[in-house]
Novice: 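Here it is: the structure, laid out below.
Numbering of ligands and ligand atoms starts at 1, following listing order.
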Amino acid sequence: MENKIKEVKKEIVSKSNLIKDLKDIEKLRVEYLGRKGAVTLLLRKLGTLSPKERPKIGQLLNQTKREIEELLKTKEVEIEKLDKEKRLQGEGIDITLPGRKLGRGTAHPINLVLREIEEIFLSLGFKMEEGPEVELDYYNFEALNIPKDHPARDDQDSFYITKDILLRPQTSPVQIRTMENQKPPVRIIATGKCYRRDATDSTHSPMFHQIEGLAVDKDITFGDLKGILTIFVHRMFGEDRKVRFRPGYFPFVEPGAEVDVSCLLCGGKGCKSCGYVGWLEIMGAGVVHPKVLEMVGYDPEEYSGFAFGMGAERIAMLKYGINDIRLFFENDLRFLKQF
Ligand code: DAH
């Protein structure tokens, strides 16, 4: 019996060297320690031994059983470790590589320009206002002294939703909405999206942004308009810029003006960028038409005002030297990241 036990032990030790995976271990466990396993069968035979032999053999057998259990456990741990290493190698992650950086976003150039313009006018005592992009015909035309048969309605080529509702083609209707809700003095600017049925090219986009300004108070004159806009141009484009006011027609102002800035490239001498005239047009402006004041219930005898409106894309193109408006809306990161 003692020899048999030693034999079993030798056998399992040599078999354990051939173990390749967890299944092999389970097989050996059944073969030796299972219900019909070699060790179990020997244990059962203990009863047939003489009382003298039994304790010694019993002890030997139990110790052998423990040794086998330990051996199999050790093998199991080894195999699990190897399996894990293999799996990690297969995954091919080099944890010493530096992590991937998340790109940081930058503000869109149009937003930068809007912010800058807002800051300039806020510092001059203006307040921010806003109005809806889906606008009533009344606010966009009627109340701005553009009656039904007025040719300016064709010029503006708007997107209509119904006969009386349209996507606003300008921010000027915010003037009316503001004056309807406030008593003078009024000093506001309003920025936002505008829409026109323009074919897209290097200077036209069906959606663009405008900045509208309005000041109404007692004794406001064209001189105030010139002063404020000159300060604006100097802060936006530089102190050495010249500003020019040319007569211009807009139904809601009288007199109306188109405002030019001396060319940013040639400084006024004339170059390709300004069409050899030395000036670049940047906005429309004027003294608020008495009819507009009447429409909102202001007394034109008591109050007067000035208004102006400009395109954010045009300002950004001049400021940053961009020659195609489409760049603002294509969202090519190589373009956007420069700002
Ligand atoms: N709304 C005009 C446009 O889109 C721009 C404009 C001109 C606004 C004169 C004004 C203004 O407030 O006084 O062409």
Novice: Report the part of Q175 in contact with ligand 1, treating N, CA, C, O as backbone and CB onward as side chain, heavy atoms under 4.0 Å; options are side chain, backbone, both, neither.
Specialist: side chain
Novice: Decide whether E313 and S205 meet the rule of one side-chain donor and one side-chain acceptor closer than 3.5 Å.
Specialist: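 E313 vs S205: no donor-acceptor pair found between side chains.
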Novice: For ligand 1, is there an N or O atom under 3.5 Å from any N or O atom of A307?
Specialist: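 Such a contact does occur with ligand 1.
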Novice: Determine whether the side chains of Y139 and Q175 contain a donor N or O and an acceptor N or O closer than 3.5 Å.
Specialist: no
Novice: So between F208, F250, F306, F308, whose heavy atom ends up nearest atom 7 (C) of ligand 1?
Specialist: F250
Novice: Spell out, yes or no, whether Y138 and V292 are grouped together once hydrophobic residues are joined by side-chain heavy atoms under 4.5 Å, including indirect joins.
Specialist: yes
Novice: What's the separation between atom CD in E31 and atom CD in E11, rounded to the nearest 0.5 Å?
Specialist: 7.0 Å
Novice: Out of all atoms in ligand 1, which are within 4.0 Å of some heavy atom of G286? Include the element for each.
Specialist: 13 (O)
Novice: Any chance the rings of F308 and F121 have centres within less than 6.0 Å?
Specialist: yes
Novice: With heavy atoms under 4.0 Å as the rule, classify the contact between M283 and ligand 1 as side chain, backbone, both or neither.
Specialist: neither
Novice: Within ligand 1, which atoms have a heavy atom of S172 less than 4.0 Å away?
Specialist: 1 (N), 8 (C)
Novice: Using a 4.0 Å cut-off to any heavy atom of G284, which atoms of ligand 1 qualify?
Specialist: 7 (C), 9 (C), 11 (C)
Novice: Need the ligand 1 atom indices (1-based, order shown) with element for anything under 4.0 Å from a heavy-atom of E212.
Specialist: 8 (C), 10 (C), 12 (O)
Novice: Output the list of atoms in ligand 1 that are nearer than 4.0 Å to some heavy atom of V253, sorted by atom number.
Specialist: 13 (O)
Novice: Which ligand 1 atoms, with their elements, are less than 4.0 angstrom from a heavy-atom of Q210?
Specialist: 3 (C), 4 (O)
Novice: Strictly under 4.0 Å, does any heavy atom of R196 approach an atom of ligand 1?
Specialist: yes
Novice: For ligand 1, which part of F252 has a heavy atom less than 4.0 Å away: the side chain, the backbone, both, or neither?
Specialist: side chain
Novice: Keeping T40 on the side-chain end and L33 on the backbone end, is there a donor-acceptor pair under 3.5 Å?
Specialist: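 Yes.
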Novice: Please determine whether the number of non-hydrogen atoms from other residues, nucleotides or ligands lying under 6.0 Å from atom CG of D219 exceeds 12.
Specialist: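 Incorrect, the count does not exceed 12.
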Novice: Check whether the side chains of Q182 and E129 place a donor and an acceptor atom closer than 3.5 Å, and report yes or no.
Specialist: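 Looking only at side-chain atoms, E129 and Q182 do form a donor-acceptor pair, the distance falling under 3.5 Å.
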